[in-house]
Every structure is written in structure tokens, then in C-alpha cells.
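So that the names make sense, note that chain A is the first sequence line, chain B the second, and so on, each numbered from 1. This one's a predicted model, so the numbers in the text were calculated from it and none came from an experiment.
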There are 2 protein chains.
Amino acid sequence: MQEEEITTLANKVCERMVNDIITGTLAQGQKLNEPELARIHGISRGPLREAMSRLEAMRLITRTPNVGARVITLSYEELLEIYQIRETLEGLAAKLAAQAMSAGEKTNLRLLLNSHGKHILDTQGQSYFQQEGDVDFHYCIIQGSKNQRLIDMLAGDLYQLVRMYRYQFSVSSNRPQQALKEHNQICSAIEEGDADLAQWLMKRHINNARNNIMQRMQTQSTTQDGENR
Amino acid sequence: MQEEEITTLANKVCERMVNDIITGTLAQGQKLNEPELARIHGISRGPLREAMSRLEAMRLITRTPNVGARVITLSYEELLEIYQIRETLEGLAAKLAAQAMSAGEKTNLRLLLNSHGKHILDTQGQSYFQQEGDVDFHYCIIQGSKNQRLIDMLAGDLYQLVRMYRYQFSVSSNRPQQALKEHNQICSAIEEGDADLAQWLMKRHINNARNNIMQRMQTQSTTQDGENR
DNA sequence: TTATAAAATATTGTAGACAATAATACAGTA
DNA sequence: TACTGTATTATTGTCTACAATATTTTATAA
């Protein structure tokens, strides 16, 4: 088999750097030194700069000509912006999914939620898995919309940002049961092909998630802002 | 004064190539030869490849490792996808603008529409200007939303795509009076701070525009598809 | 004549060196 | 001591050359 997943150095390093930024290995606001990064990843500066061009396009880093690149810094305000957009776009995705998902896809979605429910019963402290499970659910619906550009937007740059906020602010869901209930409601609406209801439920779901996260960020606020400027 | 607008070769060439793709100088589906392009723009392949990385991130070109890059090809289906997304996002922008625009900004928006009205009276055939004027109006509202990420999404990649469709399919508005009327309605709602109405009107406006464009594309269909594959 | 395989060519991917700009350290002066 | 201008260093931007892969051409055999 030649499932070698052919790719280029720039691609591989780009992926790695995305993860480094999201997980905080490359800290917020950190200056990115090209020769050093090239050495770390074992490549030359050419491909590295291509990777950085893509990171810039994803808005994970900012670049100033002749000065250099820095990792972005997250903010409460931007998180609000992102959730406003997610609410609208994922609402659209749910609406389209209710119209476009096949019977098989709907079945898989239901099975996914069942497994989540079982997992919550088994380990009622493990919120990390729930977090990823939440991702799976939303990811399935996004895919189900069949709108490729919408999929690219939500499952691409925007999703990386959401992941980054979750990692860096450690705001995994603390309400897995409630979230699962809302997921089930959305799933039912999709199964019944009730597009408008699916859209409305999804928007409310994301709005709830936002309020939850905001509340938790308030409490722990001003914990970040560290050694780099 | 040193308003030199400092920038890099990759940036300049990227901008130029964006325009070449949108206007069709680089035709849909065309293979992009790196040495040739580098020669044309008078730079080496390094910066050129950085520019292409950004074009790829904007999804104006597609790249296959070890094979090369091609300009994207537009399709009826993708245009539908884009309008679905625009309807949602610009609806959100109108809603936010109604809440966030300053008194001065609202005044400017009204003045812009007045000048459009005057222009339509003066030259009732000039649809190209109307097209750009339409852009100005939407652009103002997007900016007025004050949601920077939303602004980036709508005024960035997505907007370039819309421009590209307009150029390549020559679908400028053939209903300037009607469009202006709808613009005035939206403007009024924003002036009154009626966010929900502004959102609803904007969604309907874009939906109308989409129907108009689709109708015209139907008639001229299968006129494209040319000499390059 | 058609199909297959090998050679030749062209194109992309990568590395390293040089040039230009910015950041830093240092010295001189008020 | 504080400040300004200069020299030094470091970093980014760019170019050229080479390596690896893909494409095209040519030759050979069925």
C-alpha cells in the first residue's frame, strides 16, 4: 500500500506549529525567530517561511515586514466575536444538515450521542473527553451541511481558534449532562428534518456554551499575561 | 513624510496575483508555472512561493505537492454556497452595526446612499459603478459591525470571491433602483437602532441579489469553460 | 499501429549564501 | 547621570544553485 500521505516539509511544519501555538508550546505574543525555528524543526528557512505565511493567513501569528512574527494574543473580546460568528454559522450548518444529511449520517450522529451518554455515566469527572466529544458532534453537523465553504470556514481556521481558547484558558465544559441534552435535542430536530428548529436549537446551544465560558473566564480572569511581551 | 507603506515583495506580488485571478488575467483552472511567474513579476521563486502560500490559504489557487498549483474554477454550486454564507454573516453584520455604529457613521452611510441615488438618476445605464457602490454600502455596514473577525472574513477572502464571480460572469446588478431602495430600508433600520429589522432586511436583500444573479447565470450558462485545463 | 518501458526534460521542493533592514551596544557630549 | 548619535550585531528579505519528483518524449516490442 502507498498510503504515504504525500506532503511537503512546509506542510508538516505548518501543522506542527499550529499545534504548538494552540497548546501554548509557542506562547502567546512570543517572538518567532526564523533560524531558531528552522533548526528546531530540522529544515531550512525557505519552507519555514512558507509555513509561516500560512499561519499568518490563519491569523495565528502576526507579521511585520523587516521586523518579524509573533504569536497572537487572545482576548476576552475576541472570544466574544468568535462566538457571535459561530452562533450564526453553526446555526446555518444545523439548518442545512437537517435538509442534506443522509439517513446513514443521521444514524451515525445518534450513535455518537449514545456513546457520549454512556461515557458520561462511566466517568463523570472526565471533562476532557467530553470536550473532544462535543467537537465530534459539532464536526459531524458541519460536515452534514454539505456546504464545502462553510465546512472549510468552521472546521478550519475558526475551529483552531476555538481549540486554542479552550487549551489556554482551560475552559472545558463543566456541564456535560446539559450539553448532551442539548445535543440530543438538535439531533432529534435533524432526524425529523425540521431545519428551522435545528437552527434555533443550535444557536441557543452555542449561546449557552458562550455564557458558560464567559462566566468561568470572569472568575479566573487576569491569570494569564506572562513573561513575554 | 514617510508614508512609504512599507511592504515586502511577496506581499506586493500576492496582491497583484489576487487581482490577476479575479479579473481573469490568470484564467480559471490555469496551471501556474513558478519560474515563469517569477520572471513576469521580476522576483525570484522564494517570495513568489510565499505569495502562492497565501493565495492557497485564500483558496484562490489549489496546490498539489510535487505537481503544482492551479487557479480555482468557479461553479454555480459554489456561488450558491457563498451566498448562503453571506446572507447569514452580513445579516449578523447589519444587526451588530445597528447596535454599534456611531452617529457620525450613520450619517456617512446615509450620505453615501444619497450620492448613489443621484448617480443612478444621472446615468441610468452605468451598472458598473452601481456594482462598486453596492460594495461600498455593504463594506460600510461590515465595518460598522465592529467585529474584527467578522470584518476580516467578509471583507477578506469571501469578498474577493464575490468580486471574482462578478468579473468572470459579468453579473453586475441590473436592478440598481431596487437595490438602492433596499439599501435605504436597511439604512433606516440602522439609524433607528432596530437591530433585528436590519438583520432581516439585509438577509432578504442578499437573498434577492442571489436570485437575480442565479437567474442571469441560468440564461448565459455554459458560456465559459475555455482553452485551458 | 498500439502499448509499454526507458530516457530525457521540465518543474517543484529544499538548502545555503548574500543583501537590506532593524535592534542593540557603545561612546561621546551636555 | 541622562541623552544622542554612531558602530556593531542580529534578523529578516531575497536570490541562486542543487536535489527530488513528475511529466514528456522517444524507442522498442507485440
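Nearest-nucleotide positions on DNA chain C for A:Pro65 and A:Glu50 put A:Glu50 closer to the 5' end.
Note on A:Lys31: a side-chain N or O is less than 4.0 Å away from OP1 or OP2 of D:dT12. At D:dT14, one or more side-chain N or O atoms of B:Thr8 fall inside 4.0 Å of OP1 or OP2 (strictly under the cut-off). Between A:Asn33 and the phosphate of D:dT11, there is a side-chain N or O to OP1/OP2 separation shorter than 4.0 Å. A close approach under 4.0 Å does not occur between any side-chain nitrogen or oxygen of A:Arg45 and OP1 or OP2 of C:dA15.
Residues B:Tyr159 and B:Met153 are not in side-chain contact: their nearest non-hydrogen atoms beyond the backbone lie 4.5 Å or more apart.
No hydrogens or angles considered: nothing links the side chains of A:Glu87 and A:Tyr83 as a donor-acceptor pair under 3.5 Å.
When each of D:dA22, C:dA15, D:dT14 is scored by its nearest atom to the side-chain atoms of A:Ser44, the top-ranked nucleotide is C:dA15. The side chain of A:Glu34 has D:dG13 as its nearest neighbour among D:dG13, C:dT12, C:dT14. When distances run from any side-chain atom of B:Asn66 to the nucleotides D:dT21, D:dC15, C:dT21, the shortest one goes to D:dT21.
Rounded to whole Å, the distance from CD on A:Glu36 to P on D:dA10 is 14 Å. Distance, B:Ile61 CD1 to C:dT12 P: 11 Å, rounded to whole Å. Following rounding to the nearest Å, B:Leu48 (CG) and C:dT12 (C1') show an atom-to-atom distance of 12 Å. Look at CG on A:Leu37: it is 14 Å from P on C:dA15, rounded to the nearest Å. Between A:Ile6 atom CD1 and D:dA20 atom P the separation is 15 Å, expressed in whole Å. The nearest whole Å value for the distance from the CG atom in B:Leu9 to the P atom in C:dT21 is 11 Å. Distance CE (A:Met52) to C1' (D:dG13): 12 Å, rounded to an integer number of Å. In this structure, A:Ile43 atom CD1 and C:dG13 atom P are separated by 14 Å, rounded to whole Å.
Remark: B:Glu15 CD is loosely packed, at most 12 non-hydrogen atoms of other residues, nucleotides or ligands lying under 6.0 Å away.
For the atom pair CD1 of B:Ile61 and CD1 of B:Ile72, the computed distance is 10.0 Å after rounding to the nearest 0.5 Å.
Taking the six-membered ring wherever Trp is involved, the centroid distance between the rings of B:His183 and B:His205 falls below 6.0 Å.
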